[in-house]
Structure formats: structure tokens, C-alpha cells
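Here the structure is laid out as C-alpha cells; the discussion comes afterwards.
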Amino acid sequence: MSVTAWMAVAVFAAVYVLIATEWVHRVAAALGGAVLMLLIGATDAEHAFFSEDSGIDWNVIFLLLGMMLIVAVLKRTGVFEFIAVWAARQARGRPYRLMVLLVAATGFLSAWLDNVTTVLLIAPVTILVCRRLGLPAVPFLIAEVMACNIGGAATLIGDPPNIMIGSRADLSFNDFLVHMTPIVVVLMIIVVLMCRVMFRKAFHYDPERAASLMELDPRAEIKDKRLLLISGVVIVAVMACFVLHTWLHMEPSVVAMSGGLLLLALSRLSPGDVVKDVEWETLAFFAGLFVMVGGMVQTGIIGDLGKLAAEATGGNLEATSMALVFGSVVPSAIIDNIPFVASVSPIVSEIVASAGGTGEAEMLWWSFALGADLAGNATIIASSANVVVIGIAEREGHHISFWQFSKYGLIVTAVTVSVAAAYVWLRYFALA
């Protein structure tokens, strides 16, 4: 590697240590790292701000901004309080039942909506219902974001890496349903059972709080029915456009921003008050992270790692498949899985093509998708949904540290990736 490449690795490692140890706020660390990447020449302004492959992913930034605007308006209707009371009543105030309900809802929604959209909608509800029941919100938020990353793997539109893989490999929505959904259902059940053990100390049942919640009428929580109706129409339109975006030839970011600005205009609310609820720190963190990862891409580090992994298997499909499942975990845990998939998917495409592009070789795409998606649970910066939840929690006074998340995330990742690897081996090799 060149001197610049080594310097880029040093900068990235230093920033990662700062984020992990929390010696410096994660936003300051990420932005500082981005500046250093520019100063050492690992990337430049043209690539950092305008490159689709190695720059800030403005589609992700504006998708987040648009959905944050929608959520900021929606929270003023009282609908989150409505859902919180309804969920608590359905669970009868029992903490584990509540977690199962919220985790299942998150997993289902994330299969049909973008992961970030799902957590933007679910996280505020979770914090409210935990506050009502006197429960710690952090275990519930961690469980939900893990469910979100797993559930998003089920469909083509559930997770950005899946969209990128589907486009590169020419895989359809139905292809994902057939190959990915069965194992995702199994993994969701496993995670729900794991949560019972991992977060057992959080399941403190308070009969008095539960009884008081059972007496509440969820409908009384709605504050603005007119705004709720308008918000509902806009959200349904936005979700429909998300599902149909490939046919509409409209980027999800354009859909989200259009929906957010339209709802803001129709709400008659003060724009200044609404934008205060946008997670600007989260957006800044993403921008810095994208520039840093772009420096790693520009210097060829990520691509070289992928090629080394491919060469190590010697063309054996079974070995390559396992290498893609397990080998995607570490890099996807260290950097966001979106730029990782963008960097490595061309390598997977070459391997599949060299194997004749057969149906058996195409199985490698499912191995790659599972490894990249499931590794999103390992650390707080491994997926976009994680970063967003951390930001929402912090704004509401619930700090989630790097290690607090990772001590659960690494366990869940190890178990789910191992089960996914077993699924791949059984389905495509042992039983083929």
C-alpha cells in the first residue's frame, strides 16, 4: 500500500478508537477524521462531495432529512402517544410482552420500509411507552434496532445494501422473498428469545403503572386530528412511492424530501420550530463518516481487502460462500455496510461471472447480502439505523455508549451470522 493509504488507515483507526472510547463526541471525531482524510490527500473535494462511489451519499442524507421532517410534524399530532398507550395496553404492561410486540412490529415494518424510516417511527413510541411504564428505554431501543437490521434483510427494499445488490446482480423483489425471507423469520424468532435473556434485568413489572395505563383511552392522546389526517395521506403516498420507486424512476431521497417539505407546508406549523427536531448531529456524523470511508475506498484499501478474501478461497464456491458470510462481518461492523457493499459488490459480480453465472454461483449474492446485513448489528456505526437510534436516544436523555451497544450487538451478530451460514450451507450445498 502507498504512504497515503497507510495514513488513511491510521486516521480511520484513530477516529474509531475515539468513537469507541467516547473521549471525543462521535460527531466531532467523524468530522475531524473527514478533515484529516482531505488534508492527507486520501480523498479530495471532488470525490468527497460529488462522487457516488467514494463521497458523501447525498441520497442517504436527504432521505434521512426528509423522514426526520415528517416525523417532526407527526409527533405534534399525538399519534406517538396514541401508539404507546395502545401498545402498553396490548401487552398489559408486561415488559417482555411489550418488547416482543415492538420487536415484531419493527422487524415487519423494516422489511417493507427503509430501515431508517422504521426506526424514526418506532423509536419515539418506544421512549414514550417506556416512560409511561417506568422502564429503561435503552434495552428496548437496542432490541428494536437489531430487529430492524435483521428484518430489513428480508426484501429488496428493506435495506439499502439489498437495493445495491439487487441492482448489481439483477435480482428481483420475488428473488429476495424466496431466498432471504425464510431465514430472516427464523433469525427474528432467535433474537426475540435472546432478548429474554440479554435484557432480563429490564423486565421489571409495575402493577400500579400497568393498571393506570389500562384505564387510559388511546384516542384521548390525539391532539390534532386535522394534522394527523394530512400526515397520514402524505405518509401513505411516500411509502407507496418508496415501494414503486424503481418503476417511477424516482430516488427514495427525492420521495422523502418531497413528502417532508409538502407536509411541512400543509401543516401550518412554524418551520423554525419543526426543524429544531431534526437530528442535525446525526446528519453531520453521517457526512463525516462517508468522507472517511470514501478515503478508504479512494486509496483502494477496501477493494484490496475484498480481493484478498476472494483469492483466499481459490474459486471454490462453498468456501467462497462461507467467506462472504463471515468475511463481510468485520468490515461491515467497522464501517457502515452501505459503502462496504458498494465497494465489494463488483468483486462478487466478477466471481459469479467467472463461475459461469450459473444459478449455483448466484447463491454467492445471498451469502454476501446476509453477511453485510446481519453485521449491521455489531457496532453503533455498522448501519444507518443504529446511528439514527443513538441520536434519537441521546436527544431524549438516554445515552447509549459504543460498548453498551456492542456487548449485545456482537453476541447477536455472532449467533445470527452462524445460523445464516448454516442456512446457506444446508440450502445450497448439503441439500442441493
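With rounding to the nearest 0.5 Å, the separation of CD1 in Ile230 from OG in Ser267 is 8.0 Å. Atom CG in Leu64 sits 11.0 Å away from atom CG in Leu69 (nearest 0.5 Å). Here the CH2-CG distance, from Trp365 to Leu324, works out to 9.0 Å after rounding to the nearest 0.5 Å. Distance CZ/Phe402 to CZ/Arg26: 12.0 Å, rounded to 0.5 Å. Rounding to the nearest 0.5 Å gives a distance of 9.5 Å between OH of Tyr205 and CZ of Arg92. Annotation: the span from Leu38 atom CG to Phe49 atom CZ amounts to 6.0 Å, rounded to 0.5 Å.
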Given side-chain contact (heavy atoms from CB on, under 4.5 Å), test Met68 with Leu120 step by step and report yes or no. CA-CA 7 Å; Met68 285 175 179; Leu120 280 170; 4.0 Å; yes
Could you walk me through whether His398 and Arg131 pass side-chain contact (heavy atoms from CB on, under 4.5 Å), step by step? CA-CA 11 Å; His398 303 283; Arg131 191 173 294 155; 4.2 Å; yes
Go through the steps for Leu74 and Ile235 under the test side-chain contact (heavy atoms from CB on, under 4.5 Å), then give the verdict. CA-CA 10 Å; Leu74 192 61; Ile235 290 172; 3.7 Å; yes
side-chain contact (heavy atoms from CB on, under 4.5 Å) for Met37 and Gln298? Distances and angles first, verdict last. CA-CA 10 Å; Met37 286 290 188; Gln298 278 295 104; over 6 Å; no
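Without hydrogens or angle criteria, Thr181 side chain to Ala154 main chain gives a donor-acceptor distance under 3.5 Å. In this structure, the side chain of Arg97 does not engage the main chain of Gly93 through any donor-acceptor pair within 3.5 Å. Checked by atom type and distance alone, the side chain of Thr299 pairs as donor or acceptor with a backbone atom of Met296 at under 3.5 Å. With hydrogens and angles disregarded, a donor-acceptor distance shorter than 3.5 Å links the side chain of Thr413 to the backbone of Ala378. Side chain of Trp280 to backbone of Val275: a donor-acceptor contact under 3.5 angstrom is found.
More than 12 non-hydrogen atoms from other residues, nucleotides or ligands lie less than 6.0 angstrom from CZ of Arg226. For Arg219, the CZ atom sits in a loose shell: 12 or fewer heavy atoms of surrounding residues, nucleotides or ligands are nearer than 6.0 Å. Within 6.0 Å of CZ on Phe326 lie more than 12 heavy atoms contributed by other residues, nucleotides or ligands.
The closest side-chain heavy-atom distance from Phe80 to Ile127 is not below 4.5 Å. Ser253 has its side chain out of reach of Trp58: every pair of non-hydrogen atoms, C-beta onward, lies at least 4.5 Å apart. With contacts defined as side-chain heavy-atom distances shorter than 4.5 Å, the pair Met146/Thr416 does not qualify. At a threshold of 4.5 Å between non-hydrogen side-chain atoms, the residues Leu121 and Leu109 do not count as touching. Using a 4.5 Å heavy-atom cutoff, the side chains of Arg200 and Tyr96 are not in contact. Residues Ile150 and Asp373 have side chains not in contact (no heavy-atom distance under 4.5 Å, counting atoms from C-beta outward). Between Met67 and Val116 there is no side-chain heavy-atom pair separated by less than 4.5 Å. Side-chain contact between Met194 and Val412: present, with at least one pair of heavy atoms (C-beta onward) separated by less than 4.5 Å.
Of the charged side-chain nitrogens involved, none lies within less than 4.0 Å of a carboxylate oxygen, so that Glu221 and Arg89 do not count as a salt-bridged pair. Using a cutoff of 4.0 Å between basic side-chain nitrogens and carboxylate oxygens, Lys223 and Glu81 are scored as salt-bridged. Comment: Asp277 engages Arg76 in a salt bridge, judged by a side-chain N to carboxylate O separation of less than 4.0 angstrom.
The aromatic rings of Trp366 and His179 sit parallel to each other, their planes meeting at less than 30°, with 60° as the upper class boundary. The aromatic rings of Phe199 and Tyr408 sit tilted relative to each other, their planes meeting at an angle between 30° and 60°.
The two atoms that bring Val15 and Gly33 nearest to each other are CG2-CA, 3.6 Å, heavy atoms only. In plain terms, the two heavy atoms of Phe176 and Ala153 that are nearest each other are CD2-O, 4.5 Å. Residues Val73 and Ser231 share a closest heavy-atom pair of CG1-OG, 4.2 Å. Listed here is the closest heavy atom pair of Pro139 and Ala202: CG-CB, 3.8 Å. Contact record, Ala284 with Leu31: O-CD2, 3.4 Å, taken as the closest heavy-atom pair. Gly152 and Asn162 make their closest contact through O-ND2, 3.3 Å (heavy atoms, listed as atom of the first residue, atom of the second, distance).
Side-chain contact, Thr118 with Ser110: no donor N or O sits under 3.5 Å from an acceptor N or O.
The side chain to side chain donor-acceptor pair (under 3.5 Å) test with Asn386 is passed by exactly one of Asn149, Asn115, Asn377: Asn149.
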